[in-house]
Amino acid sequence: QLQLVESGGGLVQPGGSLRLSCAASGLNLDYYTIGWFRQAPGKEREGISYISTSETVICSEDSSEGRFTISRDDAKNLVYLQMNSLKPEDTAVYHCAAHGPEITTEVLSCPPLDADFDSWGQGTQVTVSS
């Protein structure tokens, strides 16, 4: 069974950067689309971005305004979310999630939807504050 663990969260000042990592174990990430989601206090979870198998499809949610970049390193079984120019409203618990395994690359809804993803990590806290 695929297990996901997020890391890289923390406290950062407005305008700063963080790189979140999503580490997979149990199965090979090559066959999975990986998404990033976040949930702020008192709000519903929202999809931020996903990257398909073979990096064929990359989805980024408009509200990130190009500040967030998703990437993957299948050799290391890792997916990253590089977050730049962070704002206080980016404060949330960030989760990665997997869709698959896929026989061929699938095009999912963009921004990513909870219902399309099957395996979830526990999340990593990101706090943007001065």
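Only this structure's heavy atoms are used, side chains among them; waters, hydrogens and symmetry mates stay out. Quick note: residue numbers are just sequence positions, from 1.
Side-chain contact between Asp74 and Tyr32 is absent, with no heavy-atom pair separated by less than 4.5 Å. Using a 4.5 Å heavy-atom threshold, the side chains of His99 and Glu102 count as touching. Annotation: side chain of Asn28 is in contact with side chain of Asn77 (closest heavy-atom distance under 4.5 Å). You'll find the side chain of Ser129 stays beyond 4.5 Å of the side chain of Pro88, heavy atoms only. Counting only heavy atoms from C-beta outward, the side chains of Tyr50 and Asp116 never approach each other to under 4.5 Å. Within the 4.5 Å cutoff, the side chain of Ser49 has no heavy atoms near those of the Pro112 side chain.
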- Intermediate values then yes/no, side-chain hydrogen bond (donor to acceptor under 3.5 Å, both in side chains), Thr33 and Glu106: CA-CA 8 Å; Thr33 289; Glu106 298 179 25; over 6 Å; no
- Query: When you look at Glu61 and Arg38, which way does the salt bridge (Lys or Arg N to Asp or Glu O under 4.0 Å) test go after all the steps?
  - Reply: CA-CA 12 Å; Glu61 198 265 332; Arg38 67 183 181 186; 5.5 Å; no
- Would you sort out whether Lys87 and Glu65 count as a side-chain contact (heavy atoms from CB on, under 4.5 Å), showing the intermediate values? CA-CA 12 Å; Lys87 305 175 181 180; Glu65 302 167 327; 2.8 Å; yes
- Step-by-step side-chain hydrogen bond (donor to acceptor under 3.5 Å, both in side chains) determination, Gln39 to His95: CA-CA 8 Å; Gln39 188 165 20; His95 299 266; 5.0 Å; no
- Item | Intermediate values then yes/no, side-chain hydrogen bond (donor to acceptor under 3.5 Å, both in side chains), Ser52 and Thr105 | CA-CA 7 Å; Ser52 73; Thr105 297; 4.8 Å; no
- Task: Tell me, with the steps shown, if Ile48 and Tyr94 meet side-chain contact (heavy atoms from CB on, under 4.5 Å).
- Result: CA-CA 9 Å; Ile48 301 169; Tyr94 285 70; 3.4 Å; yes
- Could you give me the CA-CA distance, side-chain angles and deciding distance for Ile70 and Val79, then say whether side-chain contact (heavy atoms from CB on, under 4.5 Å) is met? CA-CA 7 Å; Ile70 193 170; Val79 174; 4.0 Å; yes
- Task: I would like to know whether Asp30 and Thr53 meet side-chain contact (heavy atoms from CB on, under 4.5 Å); could you show each step before the answer?
- Result: CA-CA 6 Å; Asp30 288 12; Thr53 58; over 6 Å; no
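Enclosure of atom CD in Glu44 is not indicated, since only 12 or fewer non-hydrogen atoms of other residues, nucleotides or ligands lie within 6.0 angstrom. Residue Gln122 places its CD atom among 12 or fewer non-hydrogen atoms of other residues, nucleotides or ligands, all under 6.0 Å distant.
A perpendicular orientation is assigned to the rings of Phe117 and Phe37, their planes being inclined by more than 60° (bins at 30° and 60°).
The distance from the OG1 atom of Thr69 to the CD1 atom of Ile58 is 9.0 Å, given to the nearest 0.5 Å. With rounding to the nearest 0.5 angstrom, the CG atom of Leu78 is 8.0 Å from the SG atom of Cys22. Separation of atoms OH (Tyr80) and CG (Asp73) is listed at 5.0 Å; rounding is to 0.5 Å. Within the model, atoms SG of Cys96 and CD of Glu6 stand 4.0 Å from one another, a figure rounded to the nearest 0.5 Å. The CD1 atom of Ile34 sits 5.5 Å away from the CG atom of Leu4 when rounded to the nearest 0.5 Å. From Leu81, atom CG reaches atom CH2 of Trp36 across 6.0 Å, with rounding to the nearest 0.5 Å.
A distance-only check finds no donor-acceptor pair linking the side chain of Asp90 to the backbone of Met83 [under 3.5 Å]. Checking side-chain atoms of Ser130 against main-chain N and O of Gln13 turns up no donor-acceptor pair under 3.5 Å. With Arg67 contributing its side chain and Ser85 its backbone, the two residues share a donor-acceptor pair below 3.5 Å. Remark: the backbone N or O of Ser7 is not paired with any side-chain donor or acceptor of Thr124 at under 3.5 angstrom.
A salt bridge is absent between Glu55 and Arg72: the closest approach of a Lys/Arg side-chain nitrogen to an acidic carboxylate oxygen does not fall below 4.0 angstrom.
Taking hydrophobic clusters as Ile, Leu, Val, Met, Phe, Trp and Tyr residues chained together by side-chain heavy-atom distances below 4.5 Å, Leu27 shares a cluster with Tyr31. Cluster membership check: Val57 shares its hydrophobic cluster with Leu108, using side-chain heavy-atom separations under 4.5 Å among Ile, Leu, Val, Met, Phe, Trp and Tyr.
Between Leu29 and Ala24, the shortest heavy-atom contact is CG-CB, 3.5 Å. When all heavy atoms are compared, the tightest approach of Val12 to Leu86 is CG1-CD1, 3.6 Å.
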